[in-house]
Amino acid sequence: MIGKIKKFNFKSLLILNTFALIATSYIFNNFIFIGVFTLFFFISLLATKNGLEKIKQLNLIQNIRTEGPSNHYKKSDTPTMGGIFLIIPFLIFLLILSINLSSLKLFILLLTIFGFFITGFLDDYLSVRNKENTGLKPKEKFTLQSIISIIFILLAYKQNLINPLITVSDSWGINMNIFIFPISFLVLVGISNSVNLTDGLDGLAAGCSGIVFYGLGTEILMKEQQELFIFSILCFSMSGICLGFLKYNSFPAKIFMGDTGSLSIGAILGSIALLTNSVFTLSIFSGIFIIESLSVIIQVGFFKITKKLFHKGKRIFLMAPLHHHFELKGVKEQKIVENFWKINILLVILGIVLKINL
């Protein structure tokens with residue numbers, strides 16, 4: 001059915017996501033889910049619309065990387081750091097919940113996301129100020145991400161908030177024992193950077209994120225654990241936020257989220273998955289993010305190996321991440337984004353079906 005839709009754009013995705021949330025609200029007999037999604041969709045929509053002019057006034061303009069596809073130079077005047085309008089409403093919501101519920105779990109989550117938000121903000125700010133595509137150096141960015149992730153993992157594990165037994169289904173789990181530490185680190189830092197790498201085409205990361213947050217929120221509900229209910233609320237609010245932002249981020253983008261948004265989105269997904277023991281399902285839902293990241297790892301690794309062996313580096317893809325490979329193959333940007341969205345929807349369906357049947 002999805003594959004037969006000739007044009008799958010922002011409106012199509014919004015309608016599909018809204019319909020899915022209405023169905024979810026009906027099945028679980030709680031319409032707060034569609035209410036939260038709708039509320040934060042409009043908050044994000046209005047915040048982005050009004051903030052766009054302010055960002056233009058401050059001249060926070062995207063610097064296009066020279067190594068990217070040449071047709072991206074036309075995007076060089078596009079405002080960036082739009083992640084501010086995604087993450088700040090979510091942080092305020094999370095702060096209110098943390099105080100009202102007196103939840104240590106939510107407070108740790110709040111500090112972690114805030115840390116990634118500041119890291120992304122610094123990276124974007126330095127990039128704009130220096131008029132270069134990179135702000136923080138890769139080692140500096142990774143160091144900050146690592147410190148924040150390690151603090152989160154240690155605090156959460158000490159409070160028994162991270163379960164070493166990774167749940168695959170209600171009757172099957174994998175006990176990782178001490179290996180839960182490197183796995184947690186890989187999930188948090190890996191997903192954060194993977195969303196960041198995916199954010200290379202108009203609407204790609206925002207659309208996929210909206211889909212994944214819906215899937216993660218639904219999967220958490222299926223656990224039928226009352227104490228995890230709040231994390232579904234958070235996921236559905238982020239789904240609405242991402243789609244509200246997508247209105248102005250879809251092709252042709254009027255604003256980019258920047259690292260301020262992408263690093264934070266990945267951190268939210270990873271940390272919620274760890275706190276709710278949804279790592280296995282998230283790995284399916286986040287298939288697009290993971291494939292994008294793997295394409296870069298494979299490209300760089302293959303180039304280095306062939307250079308050492310043959311004194312001349314060779315490439316598997318025309319360009320990495322994977323979406324750039326398709327661009328250079330002549331596929332239109334909108335079509336690549338559309339197909340990646342469709343694949344992500346199918347991955348969410350797959351993850352939920354496996355959750356039901358395993």
Side-chain angles (χ1 to χ4, degrees), residues 1-21 23 37 41 44-45 48 62 64 68-72 74-75 78 82-83 86 194-216 218 238-258 261-262 265-266 269 284-296 317-353:
M1 179 67 182
I2 295 173
K4 291 182 179 179
I5 300 174
K6 289 185 178 181
K7 190 176 182 181
F8 194 75
N9 53 21
F10 160 72
K11 289 183 180 178
S12 309
L13 183 58
L14 177 61
I15 291 169
L16 183 63
N17 216 78
T18 304
F19 176 79
L21 262 162
F37 169 82
F41 169 79
S44 175
L45 189 74
T48 306
Q62 177 72 35
I64 305 299
S70 57
N71 64 338
H72 280 217
K74 62 187 178 184
K75 303 182 181 187
T78 307
L86 287 99
S194 295
V195 176
N196 183 235
L197 288 170
T198 305
D199 187 33
L201 297 181
D202 295 356
L204 181 55
C208 287
S209 297
I211 296 164
V212 175
F213 274 116
Y214 164 75
L216 185 58
T218 303
M238 271 306 298
S239 183
I241 285 171
C242 289
L243 293 184
F245 179 77
L246 183 61
K247 165 68 177 174
Y248 297 96
N249 180 239
S250 56
F251 185 89
K254 296 179 179 65
I255 189 170
F256 298 139
M257 69 169 69
S262 59
I265 286 172
L269 286 170
I284 298 172
F285 293 161
S286 301
I288 292 294
F289 299 143
I290 293 169
I291 289 169
E292 290 273 53
S293 192
L294 284 175
S295 70
V296 174
F317 306 107
L318 295 177
M319 186 178 288
L322 188 61
H323 55 258
H324 288 325
H325 170 79
F326 290 115
E327 270 193 293
L328 295 184
K329 292 279 283 185
V331 184
K332 289 184 178 180
E333 181 173 350
Q334 304 99 299
K335 198 65 182 176
I336 299 168
V337 173
E338 176 186 320
N339 288 334
F340 276 38
W341 284 354
K342 289 179 181 178
I343 293 169
N344 211 151
I345 291 167
L346 293 175
L347 288 171
V348 167
I349 293 171
L350 173 64
I352 291 174
V353 168

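Start at 1 with the first residue, then count along the sequence.
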Run the side-chain hydrogen bond (donor to acceptor under 3.5 Å, both in side chains) test against [X] and tell me which residues pass, sequence neighbours left out.
X	value
Thr198	none
Thr48	none
Ser262	Asn196
Ser239	Asn17

(request) Please lay out, stage by stage, how Ile349 and Val353 fare under the test side chain to side chain contact (heavy atoms under 4.5 Å, CB included). (result) CA-CA 6 Å; Ile349 293 171; Val353 168; 4.2 Å; yes
(message) Per the salt bridge (Lys or Arg N to Asp or Glu O under 4.0 Å) rule, what does the pair list look like for residues 202-211, sequence neighbours excluded?
(response) Lys75-Asp202
So, taking the atom named [atom1] in [X] and the one named [atom2] in [Y], what distance separates them when rounded to the nearest 0.5 Å?
X	Y	atom1	atom2	result
Ile265	Ser209	CD1	OG	4.0 Å
Ile343	Ile211	CD1	CD1	10.5 Å
Leu197	His324	CG	NE2	9.5 Å
Glu327	Glu333	CD	CD	5.5 Å
Cys208	Leu201	SG	CG	10.0 Å
Ser194	Leu294	OG	CG	7.5 Å

Test of understanding: with side-chain contact (heavy atoms from CB on, under 4.5 Å), list the residues that count as partners of [X], not counting sequence neighbours.
X	answer
Thr218	Thr24, Tyr214, Met222, Phe236, Ile352
Lys11	Asn9
Leu14	Phe10, Thr18, Phe37, Phe41, Leu243
Ile284	Phe280, Leu350, Leu354

(message) Between Leu13 and Trp341, is the side chain to side chain contact (heavy atoms under 4.5 Å, CB included) condition met? List the steps.
(response) CA-CA 8 Å; Leu13 183 58; Trp341 284 354; 4.0 Å; yes
(request) Name all residues meeting the ring pair (Phe, Tyr, Trp, His ring centres under 6.0 Å) criterion together with Phe317; count only those two or more places apart in sequence or in a different chain, and write none if there are none. (result)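 For Phe317 the ring pair (Phe, Tyr, Trp, His ring centres under 6.0 Å) partners, ignoring immediate neighbours, are His325.
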Could you check if a side-chain atom of [X] sits within less than 4.5 angstrom of a side-chain atom of [Y], using non-hydrogen atoms only?
X	Y	value
Ile345	Phe8	yes
Leu322	Val296	no
Leu347	Phe285	no
Phe326	Asn339	no

(message) Can you pull out every side chain to side chain donor-acceptor pair (under 3.5 Å) where at least one residue sits in residues 241-255? Sequence neighbours excluded, please.
(response) none
(request) Output, in order, the C-alpha distance, side-chain angles, deciding distance and verdict of side chain to side chain contact (heavy atoms under 4.5 Å, CB included) for Phe340 and Asn344. (result) CA-CA 6 Å; Phe340 276 38; Asn344 211 151; over 6 Å; no
(request) Answer yes or no: is there a donor N or O on one side and an acceptor on the other, between the side chain of Ser44 and the main chain of Phe245, under 3.5 Å? (result) yes
(message) If you apply the rule side chain to side chain contact (heavy atoms under 4.5 Å, CB included), what do you find for Glu292 with Leu204, and how did you get there?
(response) CA-CA 11 Å; Glu292 290 273 53; Leu204 181 55; 3.5 Å; yes
(request) Search all heavy atoms of Gly200 against all heavy atoms of His323 and return the closest pair with its distance. (result)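 Looking at all heavy atoms of both residues, the closest pair is CA-NE2, 3.6 Å.
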